Number of protein chains: 2
Amino acid sequence: MSMINFELYKVFYLAAKSGSLSQAAKSLFLTQPSVSHAIKQLEEHMGVTLFTRNARGVTLTQEGNVLFSYIEQAYNFISLAEEKMAEFKSMDSGELRIGGSDSLFKHYLLPYLETFHEHYPGVGIHLTHGTTPEIISSLKEGSIDLGVVRLPIIDPQLEVKEGIQLQDCFVAGSRFNELRDRVLTMEQLTQYPIILFSRNSRARMAVTELFREQGCELKPEIELGSVDLLIEFARKGLGISFVTREFVAKELEEGSLFEVKLDVALPPSKVGIMTLRHIPLSIAAKAFIERIEQQDIGSRT
Amino acid sequence: MSMINFELYKVFYLAAKSGSLSQAAKSLFLTQPSVSHAIKQLEEHMGVTLFTRNARGVTLTQEGNVLFSYIEQAYNFISLAEEKMAEFKSMDSGELRIGGSDSLFKHYLLPYLETFHEHYPGVGIHLTHGTTPEIISSLKEGSIDLGVVRLPIIDPQLEVKEGIQLQDCFVAGSRFNELRDRVLTMEQLTQYPIILFSRNSRARMAVTELFREQGCELKPEIELGSVDLLIEFARKGLGISFVTREFVAKELEEGSLFEVKLDVALPPSKVGIMTLRHIPLSIAAKAFIERIEQQDIGSRT
DNA sequence: AGGGGATATAAACGATGTCTATGATAAATT
DNA sequence: AATTTATCATAGACATCGTTTATATCCCCT
């Protein structure tokens, strides 16, 4: 009933392949009697003579030949499997599936992805963009390995690692130059045309809530679906955009945008890398997260 | 360098298939810790986590899934191999390849072949006819499992089992009724038209030699290539045929042929079943020979 | 004939895999 | 929320099974 010890097939395969029990023994780092014994076990279990023994080695019998034709296939698959696994281990192969927002991909993850891909060109990178809840469900159903979102996240099933800290702020272009050196109250800010990210963004919800706590209503004149557009519209003078300061570092430096300061500090938020708690990560995902952590720690000093 | 113990793949396959280490343990007649340990070995050897462990069993990881896709194939081939071998053992499958002369096939082997085929319809029967030397080389090159010929055979590489004894004789039809109750000398016989089997037949060579020893030349008027024709020609009165008595038993009994008696006894000869010495027989061949031996022993009393 | 190379056999040994017992954790049940 | 009942993990003792060493046997080749 129970199947034969698979290990015997390995011995059989090598013996048949080399036509010699002694030879097979060498390949297997065993002694010849051990191989002889293994073959005998196979033969006894099957009730079939597999080899013709003669003075210069062994030859497959009719039945042995048939067995070999099957075992050869099996052996090849196992060899392939082991190669593939070795590839995974050395990351010459594999997949890295990340969920996040487009802006985080572009402004936060991109450099990591570039160097990762450079080091491990064999690993395929799959990016899925979506809202935080969408990303969380992707994680839970196993279609992505990790999610990159803005904190805080409170979900007991998730393991969250903190990344760099980001600071949101309001920015404007030259049309609002009058505001360059002023410090506004919330109340005053709401007098200006505001450009916000689309309604379901967490950052937007947070800032709206913050204003409401102070009795202000932050009502956008324009709603956009991409951070790039928020920047572009602000530069063109269409309003004051609410963006992440780190994502507009270039524009702030070159002066095409300036920060509209408020008399209250907007709370900073951190980037979080989410994975499923107690679910092992793929080799590639593990390596990727490690790289991010080391970099971020370095940049945090 | 060295490959992983194949046995671990069996454990892995069943664990993945059932999604439970405990379940796999039951299938393998092992305990759960044993399976747990086996999987751990695989994982450590490969440097890859294969399963996600949770409270209701195990699930394959990304990498585990890839491994499984290979191992599944291998497992299936091994299963097929074991089935096939079981078929060989039970002779639901296999081949029986016999070399011999057409006359022995028809008059000697046919009943055995019939009952064998009846018992083991799954075993394919291949008959190859040829001269004794041809059959011997077929045997030595492995294209047949056994040869059925007239003895004696002297070849140290061959294992020869004796079958039933056959007696050659001269037979004639009604046209030679004058000879029915006479006993001829060799000299006298040669006065009649003789019909012999073709030149390269061993039986013919033997009888020609026998006559020559007595100073007679046995010169055929007709040469034929088939025993059936020898019988037919004799019945039609075209001459006196040299045939095996057992092969014309029916004709002798019904009187359409009668034996032409000589004053010297023609030496009997035995049927021999040849196999290669020290070369294992296929299951089917072994079984077939056994059947013949038992039958022949019975009929020898 | 005899040497060399192959496999077979036997018995002692030892590594490896297996088991028992126990612990930890999470889901299902109450 | 507490309890029960699955699951898998771990540790250490044990025993099996495979391995080795030593020797025999056989066949081929010179």
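In what follows, every heavy atom counts, from backbone to side chain, and hydrogens, waters and symmetry copies are set aside. As the structure is a prediction and not an experimental result, all values here were calculated from the model. In what follows, every chain begins at residue 1, and chains take the letters A, B, ... in the order their sequences are listed.
- Taking a 4.0 Å limit (strictly below) on heavy-atom distances, residues 274-281 of chain A does not reach DNA chain D anywhere.
- Taking the six-membered ring for Trp, B/Phe288 and B/Tyr120 have ring centres at least 6.0 Å apart.
- Of the possible donor and acceptor atoms, none in the side chain of A/Asp145 sits under 3.5 Å from a partner among the backbone N and O of A/Ala285.
- Counting to the nearest Å, the P atom of D/dT19 and the CZ atom of A/Phe29 are 14 Å from each other.
- When ring centroids are compared, A/Tyr13 and A/Tyr9 stay outside the 6.0 Å threshold.
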Indicate every side-chain donor-acceptor pair of residues 64-72 of chain A with a distance under 3.5 Å to a residue at least two apart or in another chain.
residue: A/Ser69; atom: OG; partner: A/Val66; partner atom: O; Å: 2.6

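- Each side-chain hydrogen bond (donor to acceptor under 3.5 Å, both in side chains) pair with one or both residues in residues 28-39 of chain B, not counting sequence neighbours, would appear here, but there are none.
- Scanning for salt bridge (charged side-chain N to carboxylate O under 4.0 Å, His left out) contacts around B/Glu43 gives B/Arg53, with sequence neighbours left out.
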Please tabulate, one pair per line, all N/O donor-acceptor pairs under 3.5 Å involving side-chain atoms of residues 129-142 of chain A, not counting sequence neighbours.
residue: A/Thr131; atom: OG1; partner: A/Glu134; partner atom: N; Å: 3.4
residue: A/Glu134; atom: OE1; partner: A/Thr131; partner atom: N; Å: 2.9
residue: A/Ser137; atom: OG; partner: A/Pro133; partner atom: O; Å: 2.8
residue: A/Ser137; atom: OG; partner: A/Glu134; partner atom: O; Å: 3.2
residue: A/Ser138; atom: OG; partner: A/Glu134; partner atom: O; Å: 3.1
residue: A/Lys140; atom: NZ; partner: A/Asp155; partner atom: OD2; Å: 2.7

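- From the 5' end on, the contacts that DNA chain C makes with chain B at under 4.0 Å to a non-hydrogen atom open and close at C/dG17 to C/dA28.
- Among pairs with a residue in residues 279-291 of chain B, none fulfils salt bridge (Lys or Arg N to Asp or Glu O under 4.0 Å), at least two apart in sequence or across chains.
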Open item on the list: Does the protein touch nucleotides 6-17 of chain D at the base, only the backbone, or not at all? Give it as B, S and - per nucleotide, heavy atoms under 4.0 Å.
Closed with: -SBBB-------
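- Not a single donor-acceptor pair under 3.5 Å links the side chain of B/Thr49 to the backbone N or O of B/Phe51.
- Note that the two end axes of the helix from C/dA1-D/dT30 to C/dT30-D/dA1 enclose an angle of 40°, each drawn from 5 base pairs, rounded to 10 degrees.
- Residues meeting the side chain to side chain donor-acceptor pair (under 3.5 Å) test with B/Ser90, sequence neighbours left out: B/Asp92.
- Scored by the side-chain contact (heavy atoms from CB on, under 4.5 Å) test, A/Gln73 finds B/Phe77 as partners (sequence neighbours excluded).
- By the salt bridge (charged side-chain N to carboxylate O under 4.0 Å, His left out) test, B/Lys26 pairs with no residue at all, sequence neighbours left out.
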